[in-house]
Trainee: 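To start, I am sharing the structure in question, which I have written as structure tokens.
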2 protein chains.
Amino acid sequence: MRTAEVLLERRSLAEISVDDLAQGAGLSRSAFYFYFPSKAAVVLTLVDRMVEQASGARDTALQQLDSDPAAACRGGIESFYATFGAHRPVVRAVSELSATNDEARALWSQVMQGWVEQVTELIEAERARGTAPSALAASDLATALVQLNERVLQAIFVDESPAVSESAAIDTLTHVWVNAIYGAPVEG
Amino acid sequence: MRTAEVLLERRSLAEISVDDLAQGAGLSRSAFYFYFPSKAAVVLTLVDRMVEQASGARDTALQQLDSDPAAACRGGIESFYATFGAHRPVVRAVSELSATNDEARALWSQVMQGWVEQVTELIEAERARGTAPSALAASDLATALVQLNERVLQAIFVDESPAVSESAAIDTLTHVWVNAIYGAPVEG
DNA sequence: ACACCCTATCAACACGGTGTCGAGAATGTT
DNA sequence: AACATTCTCGACACCGTGTTGATAGGGTGT
């Protein structure tokens, strides 16, 4: 698995064969299959690890919004950024794998679902306090905002173009979040 | 190519072999290679077609913002939705292909770049008119908003979960756009 | 010291998909 | 009729995956 992470820094998942993985770990290709059923399983394990290690950070980051809501949003976004930024190769791999692998898709959507639920709660709490207007379904708005983060950061992490400049990313996302949550409804 | 579009309605690109494509068109596999250098080329051609057919719609949709800016945003979003919604299998295929194919990635990012430029102009025009505050770089904001659309609609088109409900998508996106563009800067 | 099992490793194989080649039909041109 | 162009095919080489059956080593109990 260390080998997998190292190789993923340089090449995409598709460019890495089971042979590469095995050789990197000093094994024959078939010995690899003793430890993992497939290349995909390695990535899934890597993702599992990352998720476990990071799911705590999310909950704490978003919960302390009593004081300053804008700061809480920023905290959540920073936590999102930190979590996935620290494991860029893994994020890249899982997004690549999701194109062809149901399990990867399911795992990733579970991760995103966690974020969406957390953010939905945040929005509903603010609406209950009367600080945020109720216009759209909170879950729809939360989904959109989480997906915004996902896509914007993804683009940055894999050096796509166009992409938001990395230094402005947090500010840009926070701006969009805060205005989307607290801004006035747009007449349909 | 018609065959490709039909097959892509049912299965993902990875599940379609050159053989399937050829047979669907009543050809042998090697005859296929007379017409296209690879499976990827078929998808690229499909995308080219879609882009060409749709790039006009975008420009006109966003340009008429003199009257009602919110309506112009909505128009742009609707045009985005219509363009890609009408060719879901192709969108799905190109996103899948982009995971492994440089040319597909380049083509897609060119398409997105077109949108970003258009939206950047819109934002800058509004700021020049004094109706929108200048906080973030217009191009960063535009990039984020275009990627928001991309990701939210993608999730809807491929039936991901979580996803914004399709009926609320346009409203949700419009809300985020308008508030992000016209909303007050968030103190960093 | 022996038998035993469990862990670990490997070479060899079968399979499926890709892309190439050269040989030839089919069709049109002079 | 000779020729060229367009198109089609079967056969091949290649690569990556995943499986299998044979085998080596290192504990453990007797």
Side-chain angles (χ1 to χ4, degrees), chain A residues 1-49 89-108 158, chain B residues 1-49 89-108 158:
Chain A
M1 288 179 44
R2 218 172 305 128
T3 304
E5 252 187 313
V6 169
L7 292 185
L8 280 170
E9 310 243 351
R10 307 260 147 205
R11 328 181 224 163
S12 78
L13 184 61
E15 289 164 349
I16 297 173
S17 70
V18 172
D19 210 23
D20 297 331
L21 251 31
Q23 257 183 273
L27 296 171
S28 76
R29 206 172 59 80
S30 27
F32 167 92
Y33 284 101
F34 179 80
Y35 298 99
F36 292 100
S38 72
K39 194 168 64 174
V42 179
V43 177
L44 281 258
T45 311
L46 244 23
V47 176
D48 268 337
R49 252 205 207 163
V90 179
V91 172
R92 202 151 34 86
V94 74
S95 98
E96 191 179 338
L97 192 58
S98 293
T100 58
N101 182 302
D102 284 348
E103 210 175 333
R105 233 188 325 267
L107 178 54
W108 190 249
V158 306
Chain B
M1 287 180 44
R2 218 173 306 128
T3 303
E5 252 186 313
V6 169
L7 291 185
L8 279 170
E9 310 243 351
R10 306 258 147 206
R11 328 181 223 163
S12 78
L13 185 61
E15 289 165 347
I16 297 172
S17 71
V18 172
D19 210 22
D20 296 331
L21 251 31
Q23 258 183 268
L27 296 171
S28 77
R29 206 172 60 78
S30 27
F32 168 91
Y33 285 101
F34 179 80
Y35 298 99
F36 293 100
S38 72
K39 194 168 65 175
V42 179
V43 176
L44 284 247
T45 311
L46 243 24
V47 176
D48 267 337
R49 251 205 207 165
V90 179
V91 171
R92 201 148 37 84
V94 74
S95 99
E96 191 179 338
L97 192 59
S98 293
T100 57
N101 182 301
D102 284 348
E103 210 176 331
R105 236 189 321 270
L107 178 54
W108 190 250
V158 306

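Each chain gets a letter, A, B and so on, in the order the sequences are listed, and its residues count up from 1.
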Trainee: Select one nucleotide: of D:dC9, C:dT9, D:dC7, the one nearest the side-chain heavy atoms of A:Ala31.
Mentor: C:dT9

Trainee: Write down the distance between CG (B:Asp20) and C1' (C:dG16), rounded to a whole number of angstrom.
Mentor: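 One finds 12 Å between C1' of C:dG16 and CG of B:Asp20, rounded.
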
Trainee: Could you tell me how far apart B:Ile16 (CD1) and C:dG16 (C1') are, to the nearest whole angstrom?
Mentor: 17 Å

Trainee: Just so I know, are the side chains of B:Val47 and B:Val90 near enough to count as touching, which here means a heavy-atom distance under 4.5 Å?
Mentor: yes

Trainee: Take the protein atom OH of A:Tyr33 and the nucleotide atom C1' of C:dA11, then report the distance between them rounded to whole Å.
Mentor: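 Checked: the OH to C1' distance equals 15 Å.
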
Trainee: Let me know the distance between CZ of A:Phe34 and P of C:dT7, rounded to the nearest Å.
Mentor: 7 Å

Trainee: When you measure from the side chain of A:Arg92 to the backbone N and O of A:Val158, does any donor-acceptor pair fall under 3.5 Å?
Mentor: no

Trainee: Does A:Tyr35 make a side-chain N or O approach to OP1 or OP2 of C:dT9 shorter than 4.0 Å?
Mentor: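 It does, given that an N or O in the side chain of A:Tyr35 lies less than 4.0 Å from OP1 or OP2 of C:dT9.
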
Trainee: Nearest-Å distance, CZ (B:Arg29) to P (C:dG16)?
Mentor: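 Between P of C:dG16 and CZ of B:Arg29: 13 Å.
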
Trainee: Can you measure B:Gln23 atom CD to D:dG10 atom P for me and round it to whole angstrom units?
Mentor: 12 Å

Trainee: Please give, in whole Å, the distance from D:dG16 P to A:Phe32 CZ?
Mentor: 15 Å

Trainee: Compare the minimum distances between each of D:dT17, C:dT9, C:dT18 and the side chain of A:Leu27, then state the nucleotide with the smallest one.
Mentor: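 Nucleotide nearest to A:Leu27's side chain: C:dT9.
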
Trainee: Do A:Lys39 side-chain atoms and A:Leu21 backbone N/O form a donor-acceptor pair below 3.5 Å?
Mentor: no

Trainee: Rounding to an integer number of Å, can you tell me how far B:Glu15 CD sits from C:dG17 P?
Mentor: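 My rounded result for the distance is 12 Å.
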
Trainee: Could you check whether A:Asp20 and A:Ser17, counting side-chain N and O atoms only, form a donor-acceptor pair closer than 3.5 Å?
Mentor: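 The answer is yes; a qualifying pair exists.
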
Trainee: Determine whether a donor-acceptor pair (one donor, one acceptor, N or O, separation below 3.5 Å) exists between the side chain of A:Ser28 and the base of C:dA11.
Mentor: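 Side chain to base: no pair present.
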
Trainee: So, does the side chain of B:Ser30 form a donor-acceptor pair with the base of D:dG10 at under 3.5 Å?
Mentor: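 Side chain to base: pair present.
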
